[in-house]
**Student:** 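Below are the structure tokens for one structure; questions will follow.
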Amino acid sequence: MSANKIDVAGLKKGFPSDNGLLPVIDGVSFSVADGEFVAIVGPSGCGKSTLMNILAGFERPDEGAVVVDGTTVRGPSPRGIVISQHGSVFPWLTVQQNLMFGLEGEVHGEGGKAALADHYAAMVGLKGFEASYPHELSGGMLKRVEIARAFVMKPEILYMDEPFSALDALLSLRMRTELLRILEEERHTVLLITHDVEEAIYMADRIMVLSPRPASIQAAFDVPFARPRKLSNPDLQALKDAILRELGVAEV
Ligand SMILES: Nc1ncnc2c1ncn2[C@@H]1O[C@H](COP(=O)(O)OP(=O)(O)OP(=O)(O)O)[C@@H](O)[C@H]1O
Ligand SMILES: [Mg+2]
């Protein structure tokens, strides 16, 4: 058995379209070590969300397989939690109820569920808002609810699809830092999809660059810098330029 947390081998996926099959994923293979933080960057529409949906078990590949801890993924599992591009907080539940939603009553008891929810609400800076409804929160606070809701499930793998792209620049910078702080307290294997190369360099251990659709892995870069990282560091800037060149951004 492989020692990797995730092994992805020979993934291919297409969707039916008016002009026949639209190829979206074309031969993607990679591995992720236990506790590793891997970022995936690629041009818009190249197939990033499709890849994440296959990894998390929401979509089946046409060819190839995703293996987690030696077992082939055949559907979604609470061991791998997704923070999606679109957001998925329930508007009719309070912050605390949203956080308690996926927890089993038999395991934790109602009081235990509430205590866990409150612990994670505090961890993301939402102490005092446990009884608030989503419409009473700002966009940044909603994102925190989503992050807390993922962590409360104690997932072994956290899949994040552009988690901060709907936030303004300042807030997304703050959320990155907070997420890294939480990850220091609770180690998880993380896969982050982003179109923001700086975000990837700031957070990840390794960055994979996808080609335009149909997506294949065009290049991979290790990010060997100690955290907390400073984006002004010339070594980080050089890595950013190399990745942007790989993405075909002309000016660098
Ligand atoms: N369920 C589906 N049925 C049909 N086509 C789909 C489906 N999901 C994705 N596609 C198509 O696959 C292609 C890749 O979509 P995907 O959402 O994976 O891209 P992406 O890289 O995440 O894009 P973005 O950067 O805009 O988020 C697009 O052309 C999209 O229309
Ligand atoms: Mg997407």
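First listed ligand is number 1; within each ligand, the first listed atom is number 1.
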**Student:** Which atoms of ligand 1 have any heavy atom of S49 under 4.0 Å away?
**Tutor:**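 Near S49, the atoms of ligand 1 are 17 (O), 18 (O), 20 (P), 22 (O).
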**Student:** Measure T50 to ligand 1 on non-hydrogen atoms and call it side chain, backbone, both or neither using the 4.0 Å cut-off.
**Tutor:**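 Both of them.
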**Student:** Who are the salt bridge (Lys or Arg N to Asp or Glu O under 4.0 Å) partners of D205, not counting sequence neighbours?
**Tutor:**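 With neighbours one apart ignored, the set is R227.
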**Student:** Nearest to atom 25 (O) of ligand 1, what protein heavy atom do you find, and at what distance?
**Tutor:**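 Heavy-atom neighbour on the protein nearest atom 25 (O) of ligand 1: K48 NZ, 2.8 Å.
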**Student:** Is any NZ, NE, NH1 or NH2 atom of the basic residue among E36 and R206 found under 4.0 Å from an Asp or Glu carboxylate oxygen of the other?
**Tutor:**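 Judged by the 4.0 Å cut-off on N to carboxylate O distance, E36 and R206 do form a salt bridge.
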**Student:** For atom 12 (O) of ligand 1, what's the nearest protein heavy-atom neighbour? Residue, atom name and distance, please.
**Tutor:**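 Going atom by atom, the protein heavy atom closest to atom 12 (O) of ligand 1 ends up being V24 CG2, 3.4 Å.
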**Student:** Counting only protein atoms, how many N/O/S atoms are less than 2.8 Å away from the Mg ion (ligand 2)?
**Tutor:**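 Every protein N, O or S atom under 2.8 Å from the Mg ion (ligand 2) counted, the figure is 2.
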**Student:** Identify the protein heavy atom lying closest to atom 6 (C) of ligand 1, giving its residue, its atom name and the separation to 0.1 Å.
**Tutor:**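 Checking every protein heavy atom, the shortest distance to atom 6 (C) of ligand 1 gives F15 CD1, 3.2 Å.
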**Student:** Which atoms of ligand 1 have any heavy atom of L22 under 4.0 Å away?
**Tutor:**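 Reading through ligand 1 atom by atom, the close ones are 29 (O).
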**Student:** Can you confirm whether more than 12 heavy atoms, excluding those of F129, are under 6.0 Å from its CZ atom?
**Tutor:**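 No, the 6.0 Å shell around CZ holds no more than 12 heavy atoms from other groups.
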**Student:** Do V124 and F151 touch side chain to side chain, with heavy atoms closer than 4.5 Å?
**Tutor:**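 Side-chain contact under 4.5 Å: no.
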**Student:** Should G47 be counted as touching ligand 1, given the test is an N or O pair under 3.5 Å?
**Tutor:**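 Yes, at least one N or O pair falls under 3.5 Å.
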**Student:** Quick one: look at L51 and ligand 1, take heavy-atom pairs under 4.0 Å, and tell me if it's side chain, backbone, both or neither.
**Tutor:**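 Neither part.
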**Student:** Let me confirm one number: the CD-CE distance from E156 to M153, rounded to the nearest 0.5 Å.
**Tutor:**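 These two atoms lie 11.5 Å from each other.
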**Student:** Nearest 0.5 Å, what's the CG-CD distance between L183 and E178?
**Tutor:**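 Rounded to the nearest 0.5 Å, the CG-CD separation comes to 12.0 Å.
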**Student:** Out of the candidates L179, D196, L192, only one should pair with F164 under the side chain to side chain contact (heavy atoms under 4.5 Å, CB included) rule; please name it.
**Tutor:**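 Single pass found, and it is L179.
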**Student:** Indicate yes or no: does K5 engage D69 in a salt bridge with an N to O separation below 4.0 Å.
**Tutor:**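 A salt bridge links K5 with D69.
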**Student:** Under 4.0 Å from atom 31 (O) of ligand 1, do we find at least one protein heavy atom?
**Tutor:**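 Protein heavy atoms within 4.0 Å of atom 31 (O) of ligand 1 - there are none.
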**Student:** For L21, what are the other residues in its hydrophobic cluster, where any two members join if their side-chain heavy atoms are less than 4.5 angstrom apart?
**Tutor:**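 Joined to L21, directly or through intermediates: none.
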**Student:** For W92, which fellow cluster members are found when Ile, Leu, Val, Met, Phe, Trp and Tyr are connected by side-chain heavy-atom distances below 4.5 angstrom, either directly or through intermediates?
**Tutor:**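 Noted: W92 shares its cluster with F90, L93, F101.
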**Student:** What residue and atom, counting heavy atoms only, is the protein's closest point to atom 27 (O) of ligand 1, and at what distance?
**Tutor:**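 The protein heavy atom lying closest is Q85 NE2, 3.0 Å.
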**Student:** Geometry only, no angles: is P16 polar-contacting ligand 1 at N/O separations under 3.5 Å?
**Tutor:**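 Not met; the criterion fails.
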**Student:** Starting from atom 23 (O) of ligand 1, what is the nearest protein heavy atom, named by residue and atom, and what distance separates them?
**Tutor:**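 Going by distance alone, atom 23 (O) of ligand 1 is nearest to G45 N, 2.9 Å.
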**Student:** Taking atom types as modelled, find out whether T194 and E199 have a side-chain donor-acceptor pair closer than 3.5 angstrom.
**Tutor:**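 Distance-only check passes for T194 and E199.
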**Student:** For the residue pair R229 and Y202, would you count it as a cation-pi contact if the rule is NZ or CZ under 6.0 angstrom from the ring centre and within 45 degrees of the ring axis?
**Tutor:**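 Pair R229/Y202 does not count as cation-pi.
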**Student:** Suppose we measure from atom 26 (O) of ligand 1 to each protein heavy atom; which comes out shortest, and what is that distance?
**Tutor:**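 Among all protein heavy atoms, the one nearest atom 26 (O) of ligand 1 is S44 OG, 3.0 Å.
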